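All values below were derived from every heavy atom in this structure, side-chain atoms included, with hydrogens, water molecules and symmetry-related copies excluded. Since the model is a prediction, treat every value here as computed from it, not as a measurement. In each ligand, atom 1 is the first atom listed, and ligand 1 is the first ligand listed.
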Amino acid sequence: MKRIAFSLLILLAGQSHAAAFQNGSFELGSFSGTPAFDTIGAGSSAITGWQVLGHSVDWINQSFWQSSNGRLSIDLNGAGFGGLAQTFDTIAGQRYTVNFDLAGNPDRQSVKSVAVNAGDFSQTFLFNSVGHSFGNMGWSKQSFSFTAQANQTTLSFVSPTNDGNTYWGAALDNVSVQVAPVPEPETYALMGLGLLGLIASRRRRIQN
Ligand SMILES: [Ca+2]
């Protein structure tokens, strides 16, 4: 009985600290709506669940430019190079898939870049805003997977400060995080074969 009560306590304690990934579409928070975008400075938590990094970001209403999901989206460069980060609960060693929609501020038609980090994953994504407009943003679907290194993971999207897009950055919307699908048995078989090959080549090297 005592053991059950203790287990329950652990379960409840775990739940009270739970911070699931949230607000991936940037619809929640204290958006003023006047004018058609808010410039949100570093350290602000106006956008529910997200921390603003770098200088600032613009939080943009669909009356200014087309969003990809819901009413609001992000220009990662506000009044300077900015970024967003969110920390959420993960299981160490578990693989997750992140999907997001990427575009770029068409007011300055150029290639936008965004450095994306989560767990063991780090990559710069590019979007060319040439030929796009506020009414035709050209939102593109992006996806990657990462392995959680701890029981919390920080997902960040940061504008590199050297791409010349100071006030006209990459645009972001519709971020989601899901547990990655388990690989098919065939994939495991291939991974096993690869591993056997590696062991064999090691053995050869040791013998030589
Ligand atoms: Ca949105």
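- The N, O or S atom of Asp173 with the smallest distance to the Ca ion (ligand 1) is OD1.
- In this structure, Trp50 contributes its side chain and Asn23 its backbone to a donor-acceptor pair below 3.5 Å.
- Rounding to 10 degrees, one finds that the Ca ion (ligand 1) sits at the corner of an angle of 90° between Leu72 O and Ser25 O.
- Atom OH of Tyr167 has 12 or fewer heavy atoms from other residues, nucleotides or ligands within 6.0 Å.
- A donor-acceptor pair under 3.5 Å links the side-chain atoms of Ser56 to the main chain of Ala79, judged by distance alone.
- The OE2 atom of Glu27, the Ca ion (ligand 1) and the O atom of Asn69 define an angle of 90° (nearest 10 degrees).
- Between Thr90 and Ala150, the closest heavy-atom pair is OG1-O, 2.8 Å.
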